[in-house]
Amino acid sequence: MKRFVNRIAAAALALPLAVGITTGAAHAEKIRIALAETPSDELAAFFVALDRARANGLDYEWTAFSDEELAIQAVLSGQMDIGFGTPYSAMQRSKAPIRIIFQLSKLKFFPVTTTKYSTLEDLDGEPILLHSRGGGTDSIANVIEDRMGITFGERSYVPGSSNRVAALLGGRADATIIDLSNKNKLMRSDAASNFNVLEMFDVEASDEALFANLDWIKENEEDVAIFVDALVSTWRDMHDDPTIIRRETDPDGPIGQLPEEILAELDGFYSDAVEGGLYDPNGGGRKAAMADMEWYSAAGQLDGSPDELNIEDFWYLAPLDAATN
């Protein structure tokens, strides 16, 4: 969820530092997936979908990059096949025909402050702590400024909602934007009375999505279909019963190796996420694409008004249409 920066050299340096795993043996060549972070509870549903895809013959390997911009660059350069993120600026400015094929999650983030603030308007001129420059929380801050007619003060950047919560609790920040899970944890804690969750407009735009080069997608239609079918089935089953993610998590896989205290909270995490509308059971599709055009235009990451933008320049909908019809 970061604005694209041309970092070919940085990407090359990052690859030896990335961590990865290879699995499956159904096809001669593996799909190379570029994660934008190391495996965490937020990726548990994705890894369940990968296990389902493997059972249906998908051969893949994944690599976790330390930075979403590096994951995007790895796909642009052809080092990886499928990436995580919302690379709208890259898609618009690059000559490579990059297209999104599935919305993984929506931008469900929440402005949380100490009790000295009670409305978004109160943050006019005030410093705010965000995830990353040009990322999703940065875009949210841009749209808040535009819609509320305010201007934030100094923007500081600390990756990870849990780290920004720690900054609030430690008195090192008075205002930030955090994800649904960490917002719920904070407001259910003993410290909840010290903080406010400010009223926020609803957002349907994509936070994380899967994207690939269109030429590669068309050359690998069978594998892409298996992958998208597995994602749709997992997201739909998760909406019917969020506990399926914990129950289908491979204890020997990357999520199953996380600390027990994190695994014990998977049911709560996905129940909250489904209730909070974080996931579209149909993978976003045209509704998400239109929301993205509006959002990322307003956030300054797409040039042109939403009415002038063609969603087919950014999404390739055929695999998702086949999986959902």
Side-chain angles (χ1 to χ4, degrees), residues 1-2 37 40-42 45 86 103-133 135-208 239 242 261-262 265-280 288 291 294-296 298-299:
M1 58 180 184
K2 301 174 183 174
E37 58 183 286
S40 66
D41 52 359
E42 296 181 28
T86 46
Q103 182 195 68
L104 292 164
S105 61
K106 302 176 188 177
L107 270 172
K108 298 294 184 181
F109 283 77
F110 301 84
V112 177
T113 69
T114 56
T115 52
K116 65 189 293 186
Y117 309 111
S118 57
T119 68
L120 290 173
E121 289 85 350
D122 293 340
L123 294 176
D124 191 21
E126 297 297 307
I128 190 165
L129 193 61
L130 303 170
H131 176 82
S132 64
R133 192 179 306 276
T137 56
D138 219 19
S139 72
I140 290 171
N142 291 345
V143 177
I144 288 174
E145 288 181 330
D146 182 63
R147 294 194 184 184
M148 299 293 111
I150 67 172
T151 301
F152 289 111
E154 181 181 1
R155 298 188 185 193
S156 300
Y157 300 95
V158 173
S161 284
S162 60
N163 293 326
R164 296 195 297 281
V165 169
L168 287 177
L169 291 170
R172 300 188 301 277
D174 287 317
T176 188
I177 298 175
I178 58 177
D179 63 19
L180 173 68
S181 175
N182 281 283
K183 183 268 292 184
N184 287 345
K185 289 177 183 177
L186 178 64
M187 301 313 291
R188 290 168 182 166
S189 73
D190 293 338
S193 61
N194 298 320
F195 302 99
N196 288 330
V197 179
L198 306 188
E199 185 175 351
M200 175 75 174
F201 42 84
D202 195 33
V203 179
E204 293 294 320
S206 303
D207 177 24
E208 295 287 1
H239 265 257
E261 58 268 25
I262 293 178
E265 294 182 0
L266 283 183
D267 285 351
F269 175 89
Y270 281 98
S271 294
D272 285 347
V274 169
E275 182 180 356
L278 186 64
Y279 304 111
D280 184 334
E294 180 179 355
W295 180 266
Y296 285 102

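Basis for what follows: all heavy atoms, side chains included, without hydrogens, waters or symmetry-related copies.
Taken to the nearest 0.5 Å, the CG atom of Leu278 stands 8.0 Å off from the CZ atom of Phe109. The CG atom of Asp124 sits 12.0 Å away from the CE atom of Met148 when rounded to the nearest 0.5 Å. Between Phe269 atom CZ and Leu180 atom CG the span is 7.5 Å, to the nearest 0.5 Å. To the nearest 0.5 Å, atom CG of residue Asp179 and atom CZ of residue Phe110 are 9.0 Å apart. Note: Leu120 CG to Phe152 CZ = 6.5 Å, rounded to the nearest 0.5 Å. One distance of note links CE of Met200 with CD1 of Ile177; it measures 6.5 Å at 0.5 Å rounding.
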**Prompt:** Could you walk me through whether Ser118 and Asp122 pass the side chain to side chain donor-acceptor pair (under 3.5 Å) check?
**Reply:** CA-CA 7 Å; Ser118 57; Asp122 293 340; 3.1 Å; yes
**Message:** Assess the residue pair Tyr157 and Asp138 against the criterion (side chain to side chain contact (heavy atoms under 4.5 Å, CB included)); give the C-alpha distance rounded to whole Å, side-chain angles, the decisive distance to 0.1 Å, and a yes or no.
**Reply:** CA-CA 9 Å; Tyr157 300 95; Asp138 219 19; 3.2 Å; yes
**Asked** Please walk me through it: do Thr86 and Ser139 pass side chain to side chain contact (heavy atoms under 4.5 Å, CB included)?
**Response** CA-CA 11 Å; Thr86 46; Ser139 72; over 6 Å; no
**Item:** Derivation of the side chain to side chain donor-acceptor pair (under 3.5 Å) call for Asn184 and Ser181
**Value:** CA-CA 5 Å; Asn184 287 345; Ser181 175; over 6 Å; no
**Message:** Determine whether Val197 and Met187 satisfy the following criterion, side chain to side chain contact (heavy atoms under 4.5 Å, CB included), listing intermediate values before the conclusion.
**Reply:** CA-CA 8 Å; Val197 179; Met187 301 313 291; 3.6 Å; yes
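Closest non-hydrogen pair, Gly160 versus His131, comes out as N-ND1, 3.1 Å. Heavy-atom minimum distance, Ala191 versus Leu169: CB-CD2, 3.8 Å. Nearest approach of Asn142 to Ala299, heavy atoms of both residues: ND2-O, 3.1 Å. Between Ile144 and Pro111, the shortest heavy-atom contact is CD1-CG, 4.3 Å. Taking each heavy atom of Ala173 and Thr114 in turn, the nearest pair found is O-CG2, 4.2 Å. In terms of heavy atoms, Trp295 sits closest to Val203 at CZ3-CG2, 3.6 Å.
Looking at heavy atoms from C-beta onward, Phe195 lies out of side-chain contact with Val165 at the 4.5 angstrom threshold.
Heavy-atom contacts from other residues, nucleotides or ligands closer than 6.0 Å to CD of Glu261 number more than 12. The number of heavy atoms from other shown groups lying within 6.0 Å of CD (Glu275) does not exceed 12. The local environment of CD in Glu37 is crowded, with over 12 non-hydrogen atoms from other residues, nucleotides or ligands closer than 6.0 Å.
Residue pairs that meet the salt bridge (Lys or Arg N to Asp or Glu O under 4.0 Å) test with at least one member in residues 104-117, sequence neighbours left out, are Lys106-Glu204, Lys108-Asp202, Lys108-Glu204, Lys116-Asp174.
Within the 3.5 Å criterion, the main-chain N or O of Glu126 finds no donor-acceptor partner in the side chain of Tyr117. Looking at Ser189, its side chain does come within 3.5 Å of a backbone N or O of Leu186 through a donor-acceptor pair.
A salt bridge between Arg188 and Glu265 is absent, with no side-chain N of the basic residue lying under 4.0 Å from a carboxylate O of the acidic one.
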